[in-house]
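Naming convention: chains lettered A, B, ... in sequence-line order (proteins, then strands); numbering from 1 in each chain. Since we're looking at a predicted model, the values are computed, not measured.
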There are 2 protein chains.
Amino acid sequence: MARPRSFDPDDVLEVAREVFLRKGYQAASLDEITAASGIAKPSLYAAFGDKHALFLRVLDRYHDGILGWAERVLAQPGPARDAIRQWLTGFVPYCSGAKGARGCLSINAATDGSLDQAEIRKSIERYNRRLEQLLRARLNADRAQFKKGFDPDLTAHTVMVVHTGLMTLAHQGSDAKQVQAVIDQVMTLLA
Amino acid sequence: MARPRSFDPDDVLEVAREVFLRKGYQAASLDEITAASGIAKPSLYAAFGDKHALFLRVLDRYHDGILGWAERVLAQPGPARDAIRQWLTGFVPYCSGAKGARGCLSINAATDGSLDQAEIRKSIERYNRRLEQLLRARLNADRAQFKKGFDPDLTAHTVMVVHTGLMTLAHQGSDAKQVQAVIDQVMTLLA
DNA sequence: TCCGTTATGTACTCTGTAGTACACAATTGG
DNA sequence: CCAATTGTGTACTACAGAGTACATAACGGA
């Protein structure tokens, strides 16, 4: 009973993600989000709470999306190196492609000093931990594919560092070919 | 003639850098900077212009500092690999050490969506270009130290990617030993 | 000592924006 | 068709913070 919602919350979260990605947390105004999504402020507050809570919802949703995709790509059969290369390569169009070099919402949030809120930090740390854990698990499972002395844990972390660096630099516009060349060079560490 | 300044502009720029680093551009209020530096707002405006101009001054100063240091470290004699390792290692305490893991002002600014101002972008791009150029020059000069097929330009860029990744992750608190391990692993690419 | 000039401090204006009060619309159940 | 309930839109409030007007203080020069 009662009046039903006139909008799909997921759609609003998509729009909000775009705005947060483009403007950053502070500079993204709720007026901009309501204008872009077409719904009015009271509806937004009723559905998601205040700005901070909305951002947290958007961020968690973003994290879940990337993690789900990473799980799929990293679970594929064949050499671990190919899976990880594909995982890294998958970010190239996502962050420096046609949609514009907007970088990664999570990294932007992590480097945004105004967001030292505990919940945001926790969400980001959990996300990074889980990503790295996926890499580590795959490298450990396939450690027989590598030379003696290969360190799966360290290499997983190094791949995370490279990933983070690429996503950060992508924000200021990277050349896709160069990004791919870096990925290929780093992949020689998986031997 | 006329009344002299009661403060050293460089001191104020230091203080402003701290605040911008801790809070980010948007969230750093001028009230906070004036409070921390002890000077009043009109003096600040008279000396540096508006908030944007102040930030640009701070950023340029920061860039100059890092570039000067990089020039010195990368000019040292001996194997290029050692110089570059030392350069990378130099950032560890700077960004994840006792002063707290606050990351890099330039990277924070680059990932801050609210700062798509042309001048800021230009300053950051110029900085990155010059850093990478220093690495490239050194690797090219010492290319005889490396195996046949070694690509100095690509490797310089890869080192930049790793540097950026480390600085970005340092922002959320890295373990110094792990950072060093990553650096050492990546240094095996310089062979 | 007086004047011109430049810095300083107080106290303000103005604007952008987060958050909300309230009247109204839309729906379900009786 | 009515009532209860929940979403919606307009219009507001509250407030933080960027930028400034103005009176005053500190200096050098004549």
What I want to find out is whether B/Asp64 reaches B/Arg61 closely enough, with some N-O distance under 4.0 Å, to be called a salt bridge.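 Salt bridge absent between B/Asp64 and B/Arg61.
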Hey, is A/Glu125 close enough to A/Lys122 for a salt bridge, meaning N to O under 4.0 Å?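 Salt bridge flag = no for A/Lys122 with A/Glu125.
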Could you give the CD-to-P distance, from B/Glu32 to D/dA18, as a whole number of Å?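 Checked: the CD to P distance equals 10 Å.
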A/Asp31 CG - D/dT10 P separation (whole Å):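 Computing the A/Asp31:CG to D/dT10:P distance gives 13 Å.
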Let me spell it out: for each of B/Ala2 and A/Arg3, pick the nucleotide of DNA chain C with the closest heavy atom. Which residue's pick is nearer the 5' end?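 With B/Ala2 and A/Arg3 compared, the 5'-side residue is B/Ala2.
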More than 12 heavy atoms of other residues, nucleotides or ligands under 6.0 Å from CD of B/Glu119: yes or no?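 No, not enclosed.
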Is the side chain of A/Arg121 donor-acceptor paired with the backbone N or O of A/Ala110 at a distance under 3.5 Å, no angle test?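 It does not hold such a pair.
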How are the rings of A/Tyr127 and A/Tyr62 set to each other: parallel, tilted or perpendicular (split at 30° and 60°)?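 Judged by the thresholds at 30° and 60°, the geometry between A/Tyr127 and A/Tyr62 is tilted.
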Students often mix this up, so state it plainly: with edges at 30° and 60°, are the rings of B/Phe91 and B/His163 parallel, tilted or perpendicular?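 Aromatic pair B/Phe91/B/His163 classed tilted.
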Of B/Pro4 and B/Leu30, whose nearest nucleotide on DNA chain D comes first from the 5' end?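 Closer to the 5' end of DNA chain D: B/Leu30.
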Roughly how far apart are A/Arg126 CZ and A/Ser123 OG, rounded to 0.5 Å?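 Result: 8.0 Å between the selected atoms.
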For B/Ala28, report the nucleic acid contact type (base, sugar-phosphate, nothing); a contact means any heavy atom under 4.0 Å.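 Touches sugar-phosphate only.
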Within residues 37-61 of chain A: residues closer than 4.0 Å to DNA chain D (heavy atoms):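 Here the set is A/Ala40, A/Pro42, A/Ser43.
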Checking salt bridge (Lys or Arg N to Asp or Glu O under 4.0 Å) against B/Asp31, which of B/Lys51, B/Lys23, B/Lys41 comes through?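 Output: one option passes, namely B/Lys41.
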Of all nucleotides in DNA chain C that come within under 4.0 Å of a heavy atom of chain B, which is furthest toward the 5' end and which toward the 3' end?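 Under 4.0 Å from chain B, the extent on DNA chain C is C/dG4 to C/dT10.
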